[in-house]
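One structure below.
Below, chain A is the first sequence line, B the second, and so on; all start at residue 1. As the structure is a computational prediction, the values presented were derived from the model and not from experiment. Keep in mind that the numbers below use all heavy atoms, side chains included, and drop hydrogens, waters and symmetry copies.
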2 protein chains.
Amino acid sequence: MSNNQFKKGELYSFITGKASTAIARRLQKNFKQSNVDITIEQWSVLYHLWKEDGLSQQQLCDATFRDKPSITRLVDNLERLKLVRRVASKDDRRINMIYLTTAAQQLQEQTMNIANQTLNEALDGVTNGQIEIAKEVLQNVYDNLK
Amino acid sequence: MSNNQFKKGELYSFITGKASTAIARRLQKNFKQSNVDITIEQWSVLYHLWKEDGLSQQQLCDATFRDKPSITRLVDNLERLKLVRRVASKDDRRINMIYLTTAAQQLQEQTMNIANQTLNEALDGVTNGQIEIAKEVLQNVYDNLK
DNA sequence: TTTGATTAGTTGCTTAAACAACTATATGTC
DNA sequence: GACATATAGTTGTTTAAGCAACTAATCAAA
C-alpha cells in the first residue's frame with residue numbers, strides 16, 4: 001500500500017479540488033467578459049454535443065459524469081435558452097435525443113477558444129511533461145472511484 | 001507559450017475536474033457509511049477549525065476558497081447542527097469568531113481517518129512521485145488563477 | 001469630527017448537485 | 001401473452017455556489 005504515508009497536511013488540497021474550482025470560475029468569468037451567457041455546466045453539455053450531436057440524456061449523463069436529474073434540468077435550461085431541443089426517439093419511446101440548435105452550433109468556435117485560452121492561463125509555467133503526469137494521476141483517480 | 005499545443009481533446013477532463021468530483025462523492029459516501037451526517041463542504045470548514053479554532057468567517061473564506069455568502073450559510077448550517085457557534089469579537093464588533101463545539105471536536109479523528117482512507121482509495125496505483133508532480137501542477141494552476 | 005472608503009457579514013435570487021421516489025416504456029422469461 | 005425486471009427520464013427536497021445589493025462597524029484623512 002504505497003500511499004499509507006500520504007501526509008495529512010497535504011490531504012485537504014487534494015480533496016477539495018481547489019484547482020478545478022479555480023479553473024471553473026475563471027472560465028465562467030472569461031465567458032462573461034466575452035458576453036457568452038451560459039454556465040460552465042451548460043457549456044460542458046454542449047461540448048459533448050459538438051463532438052456528437054443527438055446524444056440521449058443517458059449518454060450525456062455518462063459523458064459529463066452527472067446523474068439523471070442533473071441532466072434533466074440542464075437540458076431543461078438549455079432548451080429554455082433555445083440551445084438544444086429534445087426529440088423523442090422513434091425506436092425507443094423512453095429516449096430523448098438531444099440536438100443542438102443553430103444558435104448552439106454558432107457558440108462552438110468562440111467558446112472553445114475561450115476554454116483553450118483559459119487553460120493556457122491555468123497552466124502557465126507548467127511543462128508539458130508535468131501536464132502529462134497530472135493527467136495520468138487524475139485519470140487514475142477517476143478510474144479508481146467512478 | 002509552451003501550452004499552445006495543448007491538445008483540444010484533452011481539454012475537457014482538465015476543465016471539468018471529474019477527479020475531484022469523484023473524490024468528493026466517494027468521501028461523502030464513506031461518511032454516510034460511517035453514519036457521519038455532515039456534508040463534505042461542512043467538513044471542509046471543520047477541517048480548518050480543527051487546525052485552528054476561533055477563525056473569523058473571512059479567514060474561513062480564505063482557507064476554504066469560498067465567498068462570504070457561502071461561508072455565512074455553511075456556518076448557519078453548522079450552527080444549526082450544533083457543531084460550531086458564532087462568538088462576536090470584542091475587539092472588532094464586525095467580526096464573528098467561529099468556535100467548535102465538543103460535538104465537532106469529537107468528529108475530528110473519525111472523519112480524518114475516513115478522509116485519509118478515501119484518499120488512499122483514490123490514489124491506489126499512483127506512485128508518490130506522480131502524486132508530488134500532480135500536487136505541484138494543481139498548486140501552480142491554483143496560484144495562476146486565484 | 002465629519003466625511004469617505006474599506007472591511008465583515010447578511011440577504012435575495014438563480015443555477016446546480018445529490019438522493020429518493022416516481023412514471024413510462026422496453027425486455028426477458030415462463 | 002403475462003409478469004417481473006431493467007432502463008430512460010421526471011419531480012420533490014435539501015444543500016451549496018456565485019453574484020449583486022445591502023447593513024454595520026472600522027479606519028483614514030482632512
Side-chain angles (χ1 to χ4, degrees), chain A residues 16-18 20-33 37-45 54-81 83-84 86-98 145, chain B residues 16-18 20-33 37-45 54-81 83-84 86-98 145:
Chain A
T16 51
K18 287 206 275 190
S20 51
T21 302
I23 292 180
R25 284 185 197 166
R26 178 63 63 92
L27 179 58
Q28 186 69 72
K29 185 181 148 197
N30 288 346
F31 277 170
K32 192 168 190 178
Q33 268 179 2
D37 254 344
I38 58 174
T39 67
I40 51 169
E41 293 85 1
Q42 291 165 0
W43 177 83
S44 80
V45 171
L55 294 175
S56 71
Q57 293 188 199
Q58 183 57 54
Q59 288 175 310
L60 285 173
C61 291
D62 299 337
T64 64
F65 195 44
R66 291 184 167 84
D67 69 358
K68 290 190 290 174
S70 295
I71 289 297
T72 292
R73 278 143 183 159
L74 278 172
V75 171
D76 284 349
N77 288 341
L78 285 167
E79 221 173 16
R80 260 195 283 118
L81 293 169
L83 293 174
V84 305
R86 285 176 165 97
V87 177
S89 165
K90 285 171 185 173
D91 301 345
D92 185 335
R93 282 161 50 207
R94 293 170 301 181
I95 294 178
N96 292 333
M97 312 290 275
I98 311 301
L145 301 181
Chain B
T16 50
K18 287 205 276 191
S20 50
T21 302
I23 291 179
R25 284 185 197 165
R26 179 63 63 91
L27 180 58
Q28 187 70 72
K29 184 181 148 199
N30 288 347
F31 278 170
K32 192 168 189 177
Q33 269 180 1
D37 253 344
I38 58 174
T39 67
I40 51 168
E41 293 84 2
Q42 291 164 359
W43 177 83
S44 80
V45 171
L55 295 174
S56 71
Q57 291 189 202
Q58 183 57 55
Q59 286 174 312
L60 285 172
C61 291
D62 299 336
T64 63
F65 196 44
R66 290 184 166 85
D67 69 358
K68 290 191 290 176
S70 295
I71 289 297
T72 292
R73 278 145 182 156
L74 278 173
V75 172
D76 285 348
N77 287 340
L78 286 167
E79 222 174 15
R80 259 195 284 117
L81 293 169
L83 293 173
V84 305
R86 285 176 165 98
V87 177
S89 165
K90 285 171 185 172
D91 301 345
D92 185 334
R93 282 160 51 205
R94 293 171 301 184
I95 293 177
N96 293 332
M97 311 290 276
I98 311 301
L145 300 182

Residue pair A:Thr21, A:Ile23: steps toward the side-chain contact (heavy atoms from CB on, under 4.5 Å) verdict | CA-CA 5 Å; A:Thr21 302; A:Ile23 292 180; over 6 Å; no

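The distance between atom NZ of A:Lys68 and atom P of C:dA21, rounded to the nearest whole Å, is 14 Å. The nearest whole Å value for the distance from the CG atom in B:Asp76 to the P atom in C:dT11 is 7 Å. Distance A:Leu60 CG to D:dG9 C1': 12 Å, rounded to the nearest Å. Look at CG on B:Asp91: it is 14 Å from P on C:dA8, rounded to the nearest Å. Following rounding to the nearest Å, B:Leu83 (CG) and D:dT15 (P) show an atom-to-atom distance of 13 Å. One atom, CD of A:Gln59, and another, P of D:dT7, lie 15 Å apart when rounded to the nearest Å. One interatomic measurement links the two molecules: CZ of B:Arg94 to P of D:dA25, which rounds to 10 Å at whole-angstrom precision. Protein atom CG of B:Leu55 is 13 Å distant from nucleotide atom P of C:dA8, rounded to whole Å.
Salt bridge A:Asp67/A:Arg73: absent, no basic N to carboxylate O contact under 4.0 Å.
No contact: A:Arg80 has no heavy atom under 4.0 Å from any strand. Counting any heavy atom pair closer than 4.0 Å across all strands shown, B:Asn96 reaches sugar-phosphate atoms only and no base atom.
Within the 4.0 Å cut-off from OP1 or OP2 of C:dT10, at least one side-chain nitrogen or oxygen of B:Gln57 is found.
Applying the 3.5 Å distance criterion, the base of C:dT25 shares no donor-acceptor pair with the side chain of A:Arg93.
Residues that satisfy the salt bridge (Lys or Arg N to Asp or Glu O under 4.0 Å) test with B:Arg94, not counting sequence neighbours, are B:Asp92.
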All N/O contacts under 3.5 Å from nucleotides 16-19 of chain C to the protein, with atom names and distances to one decimal?
| unit_1 | atom_1 | unit_2 | atom_2 | d |
| --- | --- | --- | --- | --- |
| C:dA16 | OP1 | A:Thr39 | OG1 | 2.4 |
| C:dA16 | OP1 | A:Gln42 | NE2 | 3.2 |
| C:dA16 | OP2 | A:Asn77 | ND2 | 2.4 |
| C:dA17 | OP1 | A:Arg66 | NE | 2.6 |
| C:dA17 | OP1 | A:Arg66 | NH2 | 3.2 |
| C:dA18 | OP1 | B:Arg25 | NE | 3.1 |
| C:dA18 | OP2 | B:Arg25 | NH2 | 3.0 |
| C:dA18 | N6 | A:Arg73 | NH1 | 3.3 |

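For the pair B:Ile95 and B:Ser56, the tightest heavy-atom approach, listed with the atom from each and the gap, is CG2-CB, 3.7 Å. Across all their heavy atoms, A:Ser89 and A:Met97 have their closest contact at CB-CG, 4.1 Å.
One side chain, B:Ser20 or A:Ser20, offers a donor N or O that lies under 3.5 Å from an acceptor on the other.
Here the straight-line distance linking atom CZ of B:Arg66 with atom CD of B:Glu41 works out to 6.0 Å at 0.5 Å rounding.
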